[in-house]
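Everything on this sheet refers to the single structure shown next.
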Amino acid sequence: MVIIYTTPSNRPSREAVQWFKRHNVPFTERRITQHDRLSVKTLKRLIAASEDGVDSILARRSTSLKSISGVDAMSLNDLLQMMSLDSHLIHFPLIFDDERNLLVTHGQEELGVFISHKERIAEMQALLRSHG
C-alpha cells in the first residue's frame, strides 16, 4: 500500500492524489495539518527511506526555512523537531511505498513508477495523439 503524505494547500499534493485515483492505484492519504503533524519518529523513517536523507524532504525554498538562521549547523534531532512543528519546512507530497522507498515528487511524470510499463506506454501514446 502506498502512503501519500499531503498538505491541504499544496497543489502538487492534490495532483498526486488525483493521479493515484485516476490510475486506480491503491493508496492511503495522510493529510498533515497543524493539528495532525508528522512525528520526529516518522520523519526519521522517511529520511531513512530517501535517497538524499534530510535534503530529500527539506523544503529549501520555503519562506519558513529562509527565516531560520544556521539550519545547516543544526543537529539532526533539532532540525527534525522543527520540521515536526512546522510542516512548511517539508517538501510535499511525500510518497512512501510498500518496499519502504520514498518518492519526493516534483511532478506527475515521476509517478509512472507506480503503474505497469504497458500502462505508461499507453498513456504516452494517448498524450502524443492528443498533441499531434
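What you see is a predicted model, and the numbers here were worked out from it, not measured in a lab. We use all heavy atoms of the structure for the numbers below, so side chains are in, but hydrogens, waters and symmetry mates are not.
A distance of 8.0 Å separates CZ in R61 from NE2 in H91, rounded to the nearest 0.5 Å. Note: H88 NE2 to S9 OG = 5.5 Å, rounded to the nearest 0.5 Å. The CE atom of M83 sits 12.0 Å away from the OG atom of S39 when rounded to the nearest 0.5 Å. Note that OG1 of T63 and CD1 of I68 are 11.0 Å apart. Values are rounded to the nearest 0.5 Å.
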Inset, instruction - Carefully, step by step, assess N77 and K44 under the rule side chain to side chain contact (heavy atoms under 4.5 Å, CB included). - result: CA-CA 9 Å; N77 283 333; K44 284 181 179 179; 3.3 Å; yes
Legend entry - Worked verdict on R31 versus D36 for side chain to side chain contact (heavy atoms under 4.5 Å, CB included): CA-CA 7 Å; R31 298 182 106 203; D36 186 16; 5.8 Å; no
Legend entry - Worked check of side chain to side chain contact (heavy atoms under 4.5 Å, CB included) between F20 and E29: CA-CA 10 Å; F20 277 82; E29 180 180 8; over 6 Å; no
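Smallest separation of non-hydrogen atoms from A49 and F96: CB-CE1, 3.5 Å. When all heavy atoms of E51 and S56 are compared, the closest pair comes out as N-OG, 3.9 Å. Closest heavy-atom contact between R11 and E15: NH1-OE2, 2.7 Å. Across every non-hydrogen atom of S13 and T7, the tightest pair is OG-N, 3.5 Å. For the residue pair M82 and L89, the shortest heavy atom distance occurs at O-CD1, 3.6 Å.
I90 is not listed as a side-chain neighbour of Y5, based on a closest heavy-atom distance of 4.5 Å or more.
Test T6, L38, L94, I4 against R30 for side-chain contact (heavy atoms from CB on, under 4.5 Å) and you get one pass: L38.
R14 contributes a side-chain N or O that, together with a main-chain N or O of P8, makes up a donor-acceptor pair within less than 3.5 Å.
No single ILVMFWY cluster, assembled from side-chain heavy atoms under 4.5 Å apart, contains both I32 and L85.
For H23, the NE2 atom sits in a packed shell: over 12 heavy atoms of surrounding residues, nucleotides or ligands are nearer than 6.0 Å.
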